[in-house]
Number of protein chains: 2
Amino acid sequence: MNNLFKALNDPTRRQILDLLRGGDLNAGDIAEQFDMTKPSISHHLDLLRQAGLVEATKQGQFINYSLNTTVLDELLAWLISFQKKDEPLNSTTKTNQPS
Amino acid sequence: MNNLFKALNDPTRRQILDLLRGGDLNAGDIAEQFDMTKPSISHHLDLLRQAGLVEATKQGQFINYSLNTTVLDELLAWLISFQKKDEPLNSTTKTNQPS
DNA sequence: TATATATTTAGACATTTACCTAATTAACTA
DNA sequence: TAGTTAATTAGGTAAATGTCTAAATATATA
């Protein structure tokens, strides 16, 4: 989870993920969307890859990046468990009801 | 979202959230659970508070910390939207079916 | 083969982060 | 009121982070 949270803790990287929802892109096309140098974007892509959020596949001289959301499942499960554990385990406990 | 991701991007802070699932605790009781000084924990609690993940209420000389999971809803929605957008918008598109 | 293009790697730098110790603030209690 | 306890604030430090420029690598093409 550490790499995942680290990867998500940056607006540029989250924007990259959002971009890739529209379909695969190569590194250059991604870099074009940001006011930042290619090496910087390359670094961000590397962190996303380390977290398993994107996959990089070489296609000739280009490198294609695609989204991989399966890693997010773990995070999703963690979040959902919070919503649940917020209530007492015993579901017979009275909660506020409209009278 | 920035403060939220920042707050979650630290194992100690995530452990504090996990701790608070068991019920409210004051700063000292939280600090006791970690091999770290009180000022350091105080700092972590501050970041969690800034993100809206915990609420601090003074009770005499103690400060009570309680979990607030409503902030996680936003993150949850963001994550779920990823799971969806991964598939083409058009739901009539053929997917792999067992033959 | 020489040149151009796509991308990464290397190295430097400023900022942020996580931690510590020491000092401060606030509240309780003998 | 003096002393103790709970917690934060202040200030310092080492490590991590995000960015840049310059150099390197790999592929394509004239």
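Sequence lines set the chain letters: A, B, ... in the order given, protein chains first and strands last, and positions in each chain run from 1.
Nearer the 5' end of DNA chain C, as judged by each residue's closest nucleotide, is the contact made by A:Ala56, out of A:Ala56 and B:Thr12.
Atom-to-atom, CG of B:Asn9 to P of D:dT17 comes out at 8 Å; the value is rounded to the nearest Å. In this structure, B:Arg14 atom CZ and C:dA18 atom C1' are separated by 14 Å, rounded to whole Å. Atom CG in B:Leu48 sits about 16 Å away from atom P in D:dA7, given to the nearest Å. Summarising the geometry, the separation between CG on B:Asn64 and P on D:dT8 is reported as 12 Å, rounded to the nearest angstrom. Here C:dA18 presents its C1' atom at 18 Å from CZ of A:Phe5, a figure rounded to the nearest Å. Taking atom CG of residue A:Leu45 and atom C1' of nucleotide C:dA6, one finds them 13 Å apart after rounding to whole Å. In this structure, CD1 of A:Ile41 is placed 16 Å from P of C:dA6, rounded to the nearest angstrom. Spacing between atom NE2 of A:His44 and atom P of D:dT17 amounts to 12 Å, rounded to whole angstrom units.
Defined by atom type and a distance below 3.5 Å, a donor-acceptor pair is missing between the side-chain atoms of A:Gln33 and A:Asp29. B:Glu55 and B:Asn64 are not linked by any side-chain donor-acceptor pair at a separation below 3.5 angstrom, with hydrogens and angles left out of the test.
Scanning both residues, A:Trp78 and B:Leu8, for their nearest heavy atoms gives CH2-CD2, 3.8 Å. The two atoms that bring B:Arg13 and B:Lys6 nearest to each other are NH2-O, 3.0 Å, heavy atoms only. Here the closest non-hydrogen pair linking B:Leu4 and B:Val71 is CD2-O, 3.8 Å. Contact record, B:Ser66 with B:Leu20: C-CD1, 4.4 Å, taken as the closest heavy-atom pair. When all heavy atoms of B:Asn26 and B:Phe62 are compared, the pair lying nearest together is ND2-CD2, 3.4 Å.
At the phosphate of C:dC19, neither OP1 nor OP2 sits under 4.0 Å from any side-chain N or O atom of B:Ser40. Distances shorter than 4.0 Å separate some side-chain N or O of A:Tyr65 from OP1 or OP2 on C:dT8.
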For nucleotides 26-30 of chain D, which of its nitrogen or oxygen atoms have a protein nitrogen or oxygen under 3.5 Å away, and what is each distance?
| unit_1 | atom_1 | unit_2 | atom_2 | d |
| --- | --- | --- | --- | --- |
| D:dT27 | O3' | A:Gln61 | N | 3.4 |
| D:dT27 | O2 | A:Gln61 | NE2 | 3.2 |

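Remark: A:Met36, A:Thr37, A:Pro39 in residues 23-39 of chain A come within less than 4.0 Å of DNA chain D through at least one heavy atom.
Proximity note for B:Lys6 (side chain, C-beta onward) versus D:dA7, C:dC19, C:dT17: the nearest is C:dT17. Checking C:dT8, D:dT19, C:dC19 against the side-chain heavy atoms of A:His43 singles out D:dT19 as nearest. Listed nucleotides: C:dC19, C:dT8, D:dG18. Nearest to the side chain of A:Asp10: D:dG18.
Follow the hydrophobic side-chain contacts under 4.5 Å out from B:Ile30 and you never reach B:Leu47; the two are in separate clusters.
Not one N or O on the side chain of B:Arg21 forms a donor-acceptor pair closer than 3.5 Å with the backbone of B:Leu67.
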